[in-house]
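Written below as structure tokens is the structure these notes are about.
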Amino acid sequence: MRLFDPASQPDAIEQAAQRLVDGGLLALPTETVYGLGARADDDAAVARIFAAKGRPSDHPLIVHVPHTEAALGFATAFPPAAQRLVAAFWPGPLTVIVPRAPAMATAAAGGHDTIGLRCPDHPVALALLRACAQRGVLGVAAPSANRFGRISPTLSAHVVEEFQGQGEGLDEVWVLEGGACDVGIESTIVDCSREQPVLLRPGRLTLAEIEAVVGGPVAWSRPEAPDPAAPKASGTLLSHYAPRAKLRLMPDEQIEAGLQVLEPELLAAALREPAKAPKIAVYSRSLWARRPPSKGVVHRSMPGDAPTAAHDLFADLRELDAMGVELIWVETPPEDPAWDGVRDRLSRAAAA
Ligand code: TXA
Ligand code: MG
């Protein structure tokens, strides 16, 4: 693996862009999560993404563009809803699905006749995409830079963790440093290729914000009530974004009641044979403010506001995984729509 850091290497962006232009794999920072990029117009380069991730090749990837003009080239049409959304939220954490131009990014689109497009709001990503465009590459296909079914990386160290020494060819992934991802969960995806726009994945942008810009109702295809016409793409699989530990969502009171029962047992197990004691974690917004941390239970606080909770979520779950936690009890997030993205990721992780 090679790490490029624009903060210390003046030619990092140029080298990273050349890596992509040459058909190589490069993990790049975005404001949502790190992506595993390859030039979108090169089916062989895109095939390397599917191989590195271990992802089925009919699952479509998002194509990242430096500006709206570049996006237009990948589409046969930009329906009015897509135009409004892009004008309002690009660059930003929004992916639009539009009808794909014939023969454009076929492998990246997983053979579908639609394509997901996004212009990320991250200075390093934008500089990289512009440098690629200057070399004639107008789109970079990039799913989240994790192995299939795992948590998305929000730090370059997470990307290294996912690929370094993990199998043949995986060290071929080069990484462009961009710091911690601001949003922390993947982009909001709106399918604008059909009669009525459909929210396929909530993110920082909420359904209400999307509807306000579209100027009409937007359907929401949820894992528990999927839109039958929506493609079976990996981000829409129920059991996605999972840590290794089993994750269970429950109200705070239930966690507290569970702790009362478990604490003595866990403590006894830890005293008997510390190495073999089960590792359980509690990830709650308010419990640890009301109650002293339990002995024998790993405690983590979930931030009380949705943007910070989203920012921290995947890094916290990774940290608990790294500690060898087997079970994570997570306090159910608030019903407020601002929490839709976090709730969506946690429900999927709990379903795994
Ligand atoms: O924030 C993000 O979107 C990140 C960063 C790297 O940009 N990317 C990301 O990619 O999350 P990925 O591959 O993990 O999720 C992309 C999802 C697919 O799983 C699928 O659900 C949807 O985007 N998607 C892409 N193209 C599509 C299409 N043509 N039709 C329907 N869904 C599509
Ligand atoms: Mg993903």
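Both ligands and their constituent atoms are indexed starting at 1 by order of listing. A quick note: this is a predicted structure, and the numbers were derived from the prediction, not measured.
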(message) On the six-membered ring of W220, is R222 placed so that its NZ or CZ lies under 6.0 angstrom from the centre and within 45° of the ring axis?
(response)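 Cation-pi check for R222 and W220: passes.
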(message) Less than 6.0 angstrom from the centroid, inside 45 degrees of the normal: does R285 satisfy that with respect to the ring of W339?
(response)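 The answer is yes; both the distance and angle limits are met.
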(request) Using only heavy-atom distances, determine whether the side chains of E186 and S152 contain a donor-acceptor pair under 3.5 Å. (result)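 On atom types as modelled, these side chains qualify, holding a pair under 3.5 Å.
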(request) Would you please say whether a donor-acceptor pair under 3.5 Å links the side chains of S284 and D252? (result)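 A pair is found: one side chain offers a donor N or O, the other an acceptor, under 3.5 Å apart.
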Check each atom of ligand 1 against the heavy atoms of [X] and keep those under 4.0 Å away; list them by number with element.
X	value
I62	3 (O), 8 (N), 9 (C), 10 (O), 16 (C), 23 (O)
I97	24 (N), 26 (N), 27 (C), 28 (C), 29 (N), 30 (N), 31 (C), 32 (N), 33 (C)
E186	1 (O), 2 (C), 11 (O)
S144	8 (N), 9 (C), 10 (O), 12 (P), 14 (O)
G35	6 (C)
H64	5 (C), 6 (C), 7 (O)
T114	28 (C), 29 (N), 30 (N)
P143	10 (O), 12 (P), 13 (O)

What about [X]: any of its N or O atoms under 3.5 Å from an N or O on ligand 1?
X	value
K53	no
R201	yes
S187	yes

(message) Determine whether T95 and S187 satisfy the following criterion, side chain to side chain donor-acceptor pair (under 3.5 Å), listing intermediate values before the conclusion.
(response) CA-CA 6 Å; T95 298; S187 61; 2.8 Å; yes
(message) Heavy-atom pairs closer than 4.0 Å: do any link ligand 1 to the side chain of I189, the backbone, both, or neither?
(response)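 Just the side chain.
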Taking a cutoff of less than 4.0 Å between a non-hydrogen atom of the residue and any ligand atom, is [X] in contact with ligand 1?
X	answer
A142	yes
R55	yes
R118	yes

(request) Just do the side chain to side chain contact (heavy atoms under 4.5 Å, CB included) check on L346 and D344 with the steps written out, would you? (result) CA-CA 6 Å; L346 282 172; D344 171 83; over 6 Å; no
(message) Exactly one of T114, T106, D113 should register a side chain to side chain donor-acceptor pair (under 3.5 Å) with R100. Which one does?
(response)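 Of the listed options, the one satisfying the test is T106.
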(message) Check this for me: does any side-chain nitrogen of one of E263 and R291 sit under 4.0 Å from a carboxylate oxygen of the other?
(response)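 Looking at R291 together with E263, the answer is yes, because their closest N to O distance falls below 4.0 Å.
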(request) Taking T332 for its side chain and M250 for its backbone only, find out whether a donor-acceptor pair lies under 3.5 Å. (result)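 Between the backbone of M250 and the side chain of T332 there is a qualifying donor-acceptor contact (under 3.5 Å).
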(request) Evaluate the ring planes of F148 and H59, with Trp represented by its six-membered ring, and classify them as parallel (under 30°), tilted (30 to 60°) or perpendicular (over 60°). (result)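 Rings of F148 and H59: tilted, as their planes differ by 30° to 60°.
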(message) I'd like to know: is the Mg ion (ligand 2) within the 2.8 Å range of an N/O/S atom from S144, strictly under that distance?
(response)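 Short answer: yes, at least one N, O or S atom is under the cut-off.
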